[in-house]
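By convention in this document, chain letters (A, B, ...) are assigned in the order of the sequence lines, proteins followed by strands, and residues within each chain are numbered from 1. Only heavy atoms go into these numbers, but all of them, side chains included; no hydrogens, no water, no symmetry mates.
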Number of protein chains: 2
Amino acid sequence: MGIEIKIALNEGLYLKDPQDSVLGRNIIKHSILLLSDLGFEAFNFKKLSLEIGSTESSVYRYFENKHLVLIYLVSWYWEWVAYLIRINTLNINDPKRKLEIIINCFVSASFENPSIDYLDKSKLHSVIIAEGIKVYRTKDVDEEYGKGYFRNYKQLITTVAGVISEINPTFQYPYALASNLFEMSNNHIYFAKHLPRLTDISVYGNTVDEVEIMLNYFTDKLLS
Amino acid sequence: MGIEIKIALNEGLYLKDPQDSVLGRNIIKHSILLLSDLGFEAFNFKKLSLEIGSTESSVYRYFENKHLVLIYLVSWYWEWVAYLIRINTLNINDPKRKLEIIINCFVSASFENPSIDYLDKSKLHSVIIAEGIKVYRTKDVDEEYGKGYFRNYKQLITTVAGVISEINPTFQYPYALASNLFEMSNNHIYFAKHLPRLTDISVYGNTVDEVEIMLNYFTDKLLS
DNA sequence: TTATTTATGATAGGTTTACTATCATTATTA
DNA sequence: TAATAATGATAGTAAACCTATCATAAATAA
């Protein structure tokens, strides 16, 4: 059972909605697991179908290629974070408090309820951290932007930029700060683990908490 | 002729030093051009060797694979930026002024002299902006970190972090700010062009100048 | 119920990418 | 002039990427 959450994503991302069938949900589930294990480059539909106990051709009935699977997952994540922000700031009026909550969602969206059976959100977060940037760093970015594949990200950043402007209406870079908070959150969680000399976040401590404190410090300073 | 600059890079990156032969320099030159045209995913040694008028097997004598070519180019860029920072801050004592120069090098390393014949630095900068992040967002990051492939980046960030600490010795995040300035510089030049809703940098104005002003504003605020 | 549509599996095959190996030829250097 | 090194030419393998076709099972409609 679990709680029914169906997130509406751009229909151009898939050939057949994977949320509507057992095989489709298996594709999503095992894509996350495999991407997390192998990374995007070594991941492919052959390995995925073997993992599921299905076939390559069946997977191709849902997604044109692995790049679109990644965009699908990342879009799902963006929507999920936006949803978390919405429900967690419902009764909050103070925009400063709202931004704190947003930062908390950025660094630890994976630990939040409610849960969805076929989607390991903690693993998904690792995938976003390690591979997320690859969805828009390609030669097809303009074409895919035109198709609206990154609209969820745009909307998430617009929401956050709105809160930033509420805190300080004269601040000139609300969008840049919003996207930077998101990117920095992922970057420094990754750096702490793999490239520790690029950050001050400790390798041994509680990475996520430290990143959260840092991002709050940065926004405080910038918006005061 | 041109000025002789030989940049020393990690020897594990190549099988034979491309700076030492005509073919090698051609590989570097046309890798930059092709990567800039096709992007990393569509780039391969077959297309590269055709472009040069050589053969696949000859290219493989210099580099194990295209991923190592990318690391080579990005390392070269890191070293180049570090070099520019060094010569441009030689006689500067004020750390605030130093950081301004660093930011200027980050956003516009490509426009600086001196020039090297076989290396289009403006194109290289585009490649770094679009593809640079792919060097360390892979499953092999830990292994390659161990081999010292990212040492140039580490050193660049260490230098910048030092200047940041000079400006404000109590600032707790010199490394994170340093790497963030570098990443943000590339991100927002890219966003302005391809994902304009993620930034406040105008699509039509002088992107590079605007990014420079923004980064200076951010550092000013954070370090005051 | 039976007929029809839909979803999946099984299998095959074609193209491209990624790489290795071998041998001939051309430059360099000794 | 001989020896060595660098490149080119060619071949070939394995995997990745993708399409097509047919059989079967499951769901739905008549």
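- Atom CG of B/L48 and atom C1' of C/dA18 are 14 Å apart (whole Å).
- In this structure, B/F63 atom CZ and C/dT20 atom P are separated by 15 Å, rounded to whole Å.
- Rounding to whole angstrom units, CG of residue B/D17 and C1' of D/dA5 are separated by 16 Å.
- Residues meeting the side-chain contact (heavy atoms from CB on, under 4.5 Å) test with A/K46, sequence neighbours left out: A/N44, A/E56.
- In this view, A/E64 satisfies the salt bridge (charged side-chain N to carboxylate O under 4.0 Å, His left out) rule with no residue, not counting sequence neighbours.
- Under the side-chain contact (heavy atoms from CB on, under 4.5 Å) criterion, A/D140 pairs with A/T138, A/E143, A/E144, not counting sequence neighbours.
- Atom CG in A/D20 sits about 15 Å away from atom C1' in D/dA27, given to the nearest Å.
- Between B/S21 and the phosphate of D/dT7, there is a side-chain N or O to OP1/OP2 separation shorter than 4.0 Å.
- Nucleic acid contact for A/Y62: sugar-phosphate only, since backbone atoms but no base atoms lie under 4.0 Å from a heavy atom of the residue.
- Note: A/F182 and A/Y153 meet the aromatic proximity criterion, with ring centroids under 6.0 Å apart.
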Protein-proximity profile, nucleotides 9-21 of chain D, B/S/- by nucleotide at the 4.0 Å heavy-atom cutoff, equals BB-----SBBBBB
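- By the salt bridge (charged side-chain N to carboxylate O under 4.0 Å, His left out) test, B/E131 is found to be paired with B/K134, residues two or more places apart in sequence or in another chain being considered.
- Distance NE2 (B/H67) to C1' (C/dC19): 17 Å, rounded to an integer number of Å.
- In this view, B/K66 satisfies the salt bridge (charged side-chain N to carboxylate O under 4.0 Å, His left out) rule with no residue, not counting sequence neighbours.
- Here C/dA7 presents its C1' atom at 14 Å from CG of A/L15, a figure rounded to the nearest Å.
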